Amino acid sequence: MVDNGGMSSPDPLRVAVIGSGPAGIYTADALTRQNREDVAVDVVDRLPTPYGLVRYGVAPDHLKIKGVARSLRRVLEDPRVRFVGGVEFGRHVTRDDLARAYHAVVYATGASVDRRLGIPGEDLPGSVAATDFVNWYCGHPDAEVARFVLDAEEVAVVGAGNVALDVVRVLAKSADELRATDIPQHVLDVLAASRVRRIHLLARRGPLEARFTAPELRDLGELANADVVVRPDQVDVDPAGEELLHAARAARTNLRILAEWARRPPAGRPRRVDLRFWTRPTAVLGADRVTGLRVEGTRIGDGGRLVGTGVEEVLDTGMVLRSIGYAGVPLAGVPFDEATRTVPHADGRVLDAAGAVVPGDYVAGWIKRGATGVIGTNKSDAAATVRALLDDAPALRAARPAPEPADRVLAASGATVTDYADWLAIDAAEAEQASRLERGERVKLPGWAELRAAIGR
Ligand code: NAP
């Protein structure tokens with residue numbers, strides 16, 4: 001409660017946060033950790049389950065990162081914060097609806113779609129976005145249960161970021177190694193029957209330009225079920241050369257790890273991961289499904305531009321996963337920059353096409369800054385947005401002196417609104433399933449029907 005010297009407290013500043021991933025919940029956290037304004041925060045999500053990419057993005061075997069959910073949970077349990085599930089922005093509620101019920105809206109909807117390669121054959125069956133594969137193995141309710149069969153012996157994963165590493169690990173590990181994770185049982189069964197033997201991880205630039213972070217890269221080297229193969233000539237960077245001199249520390253660490261792997265002889269493990277740098281796909285091949293991937297060597301040409309060497313090769317892959325970054329999706333009635341796939345802003349305040357502030361609208365997380373950074377990056381990002389919002393609080397209160405009750409707006413939305421207690425029912429059902437199957441702490445419920453059954457509607 002704000003100390004206002006004994007005067008009667010004004011009504012709390014009402015804030016809707018759209019999206020309950022880390023960016024949204026850190027926004028709610030920052031709103032409750034200040035003493036300038038009394039607040040009432042609704043964290044709205046289209047799913048009945050909170051935590052966004054912590055639940056449906058972080059790889060299931062990254063248990064420590066998944067543990068972030070425990071601290072996010074504390075925010076949702078604050079009496080000033082409410083989880084409002086089952087409400088989709090643009091479908092159930094519009095920007096105008098929210099403007100009637102809240103002083104401010106913070107959009108924290110992330111970056112939910114994949115980027116595309118723009119090469120022939122990209123839409124053939126068997127050529128998919130990593131986001132689809134991740135959604136499937138994380139048990140996202142929108143992912144079709146029977147989406148993947150993993151009947152190809154060779155798979156190509158395109159991109160040199162952490163998502164590519166996640167995808168490669170899930171493909172390379174044995175089902176036994178993944179048993180104690182929260183992977184839905186049907187996914188574990190498909191992974192147990194997987195015919196995948198060889199995974200090509202393709203990076204269009206060199207090891208110093210890869211976007212891997214060192215802890216995630218090291219995880220790959222510790223695979224018990226797969227040999228990781230790096231060609232020595234690809235990590236043979238002149239130790240006294242310009243390239244290394246100008247490389248960031250993280251890049252030099254990556255290079256050191258990769259160079260060490262290049263010296264290791266393969267140990268004859270059941271699967272093999274080939275890391276190939278300076279390689280880009282030029283066409284996905286096949287008549288009615290993927291039967292190969294044509295790739296071309298690359299180098300840095302004039303002006304620092306990446307160019308093809310003209311040396312081509314066909315990889316015998318039956319599946320191609322593009323993991324080349326995520327992009328934001330426009331929100332109805334909210335300005336959007338198609339080039340960056342983000343909402344334009346200044347210090348988190350949404351800007352219109354003319355560069356003027358749109359009063360009451362704010363952004364946080366990937367929809368604000370693009371799909372970069374780790375979970376913790378969202379904490380300072382959200383705090384910056386909340387500082388701007390609190391600076392604006394007097395003007396926000398003046399602009400909307402008597403907001404409509406949020407519950408009235410939500411009731412009129414046509415949504416089946418769920419709450420935190422409903423999420424706890426899902427949580428309990430997942431824990432119960434894990435114990436019944438004698439697997440770890442949780443086994444995800446895989447679809448909408450199962451989620452609805454757990455909350456009894
Ligand atoms: P990312 O880090 O942006 O990596 C995307 C990769 O795709 C880059 O190597 C990029 O190469 C490549 N790429 C882009 N366009 C391409 C094209 N047309 N052809 C071939 N390659 C192309 O994206 P991400 O892996 O999706 O990760 C998103 C964010 O989530 C990152 O900040 C990441 O660190 C974070 N994340 C963290 C964790 C973790 O901490 N454990 C796990 C998953 C994700 P160029 O550099 O040449 O453009």
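Keep in mind the model is a prediction, meaning the values are calculated, not measured. Numbering of ligands and ligand atoms starts at 1, following listing order.
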Contact partition for F212 relative to ligand 1, non-hydrogen atoms under 4.0 Å: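 Neither part.
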So between [options], whose heavy atom ends up nearest [atom]?
atom	options	result
atom 40 (O) of ligand 1	R280, H62, E216	E216
atom 25 (O) of ligand 1	T131, I65, V163	V163
atom 15 (N) of ligand 1	R116, R204, R205, R115	R204
atom 1 (P) of ligand 1	R211, K64, R322	R211

Backbone N/O of L31 and side chain of Q34: donor-acceptor pair under 3.5 Å: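 Answer holds: yes.
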Donor-acceptor pair between R211 and N254 side chains, under 3.5 angstrom: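 Checked: R211/N254 side chains show no N/O donor-acceptor pair below 3.5 Å.
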Heteroatom proximity flag, A160 to ligand 1, N/O under 3.5 Å: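 Among all N and O atoms of A160, at least one is under 3.5 Å from an N or O of ligand 1.
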Polar contact flag for D166 and ligand 1 (N/O pairs, less than 3.5 Å):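 No, there is no polar N/O contact under 3.5 Å.
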Closest non-hydrogen atom pair between I426 and R55, with its separation: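 The pair with the smallest heavy-atom distance is CG2-NH2, 4.4 Å.
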From CA spacing to verdict: side-chain contact (heavy atoms from CB on, under 4.5 Å), H62, D219: CA-CA 10 Å; H62 272 167; D219 278 353; 2.6 Å; yes
Whether G373 lies under 4.0 Å from ligand 1, heavy atom: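 So G373 counts as touching ligand 1.
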Aromatic plane relationship, Y326 with W366 - under 30° parallel, 30 to 60° tilted, over 60° perpendicular: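 Because their plane-to-plane angle lies in the 30° to 60° range, the rings of W366 and Y326 count as tilted.
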Residue pairs, two or more places apart or on separate chains, that pass ring pair (Phe, Tyr, Trp, His ring centres under 6.0 Å) and touch residues 193-235: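 Sorted result for residues 193-235: empty, none.
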